[in-house]
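Okay, structure first, notes after.
The first residue in the sequence is number 1, and the count goes up from there. Read the numbers this way: they start at 1 and go in the same order the structure lists the ligands and their atoms.
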Amino acid sequence: YKFKQGLEKSRERFQTEINALMAQYRTVDEDFFEALEEILIGADVGFNTVMELTDELRREAQLKNITETTELRETIIEKMVEIYNRNDALDDEMNMQDDGLTVILVVGVNGVGKTTSIGKLAHRYVSEGKSVMLAAGDTFRAGAINQLQIWGDRVGAEVIRQGEGSDPAAVIFDAVNAAKKRGVDVLLCDTAGRLQNKGNLMNELSKINKVISRVIPDAPHETLLTLDATTGQNALSQAKSFKEVTNVSGIILSKLDGTAKGGIVLAIKNELGIPVKFVGLGEKMDDLQEFHAENYVYGLFA
Ligand code: GDP
């Protein structure tokens, strides 16, 4: 239900356009496919993904002798899910430790919804009965530490912090040690994301990774990149840059409720090979959903 609500803008736009398309083009021909491609590209599905999708639709239509465009509707949905699930280099599921501490590093540039997403994740794990700790590793942005503290207080998670401008790796090192000592289940680490200086960012993240694995050898268990869905192709290029500087195991796609171009989800997985693990569908604590391609694509159409 939540998923459906959060996708309202995308669904409305998508359905209106697809309905208009089907009304305008009744028979399956090249004009229909070109108009469909335009709609999908307009929805931020991404050029390569759109081409893959429509090529397969053309073949499918020929193979099954489909001549009426309305008959293709269901096939479009199925193909979207299929294409999303095809590129499965990385695990779609979160790598949570059954026994012992799970360390999750959250990266992303300022303003994308990183801190809010950490708060929502903390709420999710606390609701599951886990003990959660937060590490205020974004020591660069003014206010980031306090903002994280507010979330910690709200959801009932202890926040490990130092002053603004302190070394993020030192904060996170402290936090991993504290979490281990106190038998915490999940440690969520905030970081600063200054993409303007890739060299610095790379050094900082590699130092953070190093101090974490000094305490827990196979950690961090997840490195989640937060991307703002409303920024469209910009989000894609941010993801490419982060991929260059660190290992990203999954995406948190925030603000999906704020865009009518929800197709960006498909582009991210397909063009980067990184699974979207969570989507943000609002500003409140429980506005974060696990991402499943089926729910998402059917949410767009149904
Ligand atoms: P950060 O700088 O990356 O830590 O970004 P913040 O967590 O401070 O978020 C920036 C703004 O985006 C805040 O006003 C959040 O309330 C808002 N925001 C974050 N996630 C979502 C979301 O999923 N949906 C909506 N509508 N707003 C969001």
Side-chain angles (χ1 to χ4, degrees), residues 1-13 44 104-124 132 134-155 157 159-161 164-165 168 171-172 188-197 201 204-205 208 223-232 234-239 241-242 245-246 248 250-265 268 276-292 295-296 299-300:
Y1 172 68
K2 270 264 168 211
F3 216 146
K4 250 183 116 163
Q5 216 175 25
L7 281 178
E8 214 152 306
K9 281 188 186 157
S10 289
R11 182 171 59 247
E12 233 173 78
R13 173 183 165 143
D44 267 344
I104 302 170
L105 201 60
V106 183
V107 301
V109 303
N110 277 347
V112 292
K114 193 156 41 76
T115 311
T116 307
S117 299
I118 290 174
K120 291 172 179 172
L121 272 178
H123 170 66
R124 160 178 291 262
V132 177
L134 309 179
D138 184 355
T139 59
F140 186 75
R141 177 167 71 91
I145 299 171
N146 284 334
Q147 199 188 333
L148 197 70
Q149 184 71 59
I150 291 169
W151 273 105
D153 295 343
R154 194 180 293 163
V155 306
V159 179
I160 301 296
R161 54 187 286 181
E164 212 174 290
V171 177
I172 290 174
L188 293 158
C189 304
D190 198 2
T191 61
R194 282 164 289 162
L195 251 194
Q196 311 78 280
N197 193 330
L201 183 65
E204 193 164 295
L205 291 175
I208 289 171
T223 298
L224 300 180
L225 170 64
T226 310
L227 298 173
D228 178 341
T230 66
T231 63
N234 217 340
L236 267 186
S237 68
Q238 279 173 22
S241 300
F242 269 93
V245 299
T246 196
V248 178
I251 304 283
I252 301 172
L253 189 63
S254 69
K255 311 186 199 181
L256 200 52
D257 57 306
T259 180
K261 298 175 157 203
I264 191 73
V265 178
I268 288 170
V276 175
K277 298 209 171 172
F278 294 99
V279 292
L281 298 167
E283 294 187 276
K284 290 192 298 297
M285 208 145 57
D286 54 0
D287 290 335
L288 186 84
Q289 298 284 308
E290 270 179 6
F291 180 77
H292 297 290
N295 297 354
Y296 164 76
L300 280 184

What protein heavy atom sits nearest atom 8 (O) of ligand 1, and how far away is it? Q147 NE2, 2.9 Å
Which protein non-hydrogen atom lies closest to atom 7 (O) of ligand 1, naming both residue and atom, and how far is it? T116 OG1, 2.6 Å
Any side-chain to backbone donor/acceptor pair from K120 onto D287? Under 3.5 Å, distance only. yes
Heavy atom under 4.0 Å from ligand 1: found in L281's side chain, backbone, both, or neither? backbone
For the residue pair N146 / R161, report whether a side-chain donor-acceptor contact shorter than 3.5 Å exists. yes
Looking only at atom types and distance, does a side-chain atom of S241 sit under 3.5 Å from a main-chain N or O of S237, one as donor and one as acceptor? yes
For ligand 1, find out whether one of its N or O atoms is nearer than 3.5 Å to an N or O atom of D287. no
In the protein, what heavy atom is nearest to atom 4 (O) of ligand 1, and what distance, to one decimal place, separates them? T115 OG1, 2.6 Å
Is there a polar contact, in the sense of an N or O pair closer than 3.5 Å, between D257 and ligand 1? yes
Write out the residue and atom name of the closest protein heavy atom to atom 5 (O) of ligand 1, then the distance separating them to 0.1 Å. G113 N, 3.0 Å
Could you tell me whether R141 and E164 make a salt bridge, using a distance below 4.0 angstrom between a side-chain N and a carboxylate O? no
Considering heavy atoms of the protein only, find what lies nearest to atom 22 (C) of ligand 1 and give residue, atom and distance to 0.1 Å. G282 O, 3.1 Å
If you compare all heavy atoms of G232 against all heavy atoms of D44, which two are closest, and at what distance to 0.1 Å? CA-OD2, 3.2 Å
Can you tell me the protein heavy atom closest to atom 2 (O) of ligand 1 and the distance? G111 N, 2.7 Å
Does the S254 side chain pair with the main chain of V112, one donor and one acceptor, at a distance under 3.5 Å? yes
Measure the distances from the heavy atoms of V109 to every atom of ligand 1 and state whether one is below 4.0 angstrom. yes
Give a yes or no answer on whether the side chain of T191 reaches the backbone of V106 with a donor-acceptor pair at less than 3.5 Å. yes
Between K255 (side chain) and G282 (backbone), is there a donor-acceptor pair under 3.5 Å? no
Quick note on ligand 1: atoms under 4.0 Å from a heavy atom of N110 include exactly 2 (O)
Among all protein non-hydrogen atoms, which one is nearest to atom 20 (N) of ligand 1, and what is the separation to 0.1 Å? K120 NZ, 3.8 Å
What protein heavy atom lies closest to atom 13 (C) of ligand 1? Include the residue and the distance to one decimal. E283 OE2, 4.1 Å
Counting from 1, what ligand 1 atoms have a heavy atom of G280 closer than 4.0 Å? 23 (O)
Decide, yes or no, whether a salt bridge links D138 with K114 under the criterion of side-chain N to carboxylate O below 4.0 Å. yes
Can you confirm, on distance only, whether ligand 1 has an N/O atom lying under 3.5 Å from any N/O atom belonging to K255? yes
Do any nitrogen or oxygen atoms of L256 come within less than 3.5 Å of a nitrogen or oxygen of ligand 1? no
Would you check if the side chain of T116 reaches a backbone N or O of G113 as a donor-acceptor pair within less than 3.5 Å? no
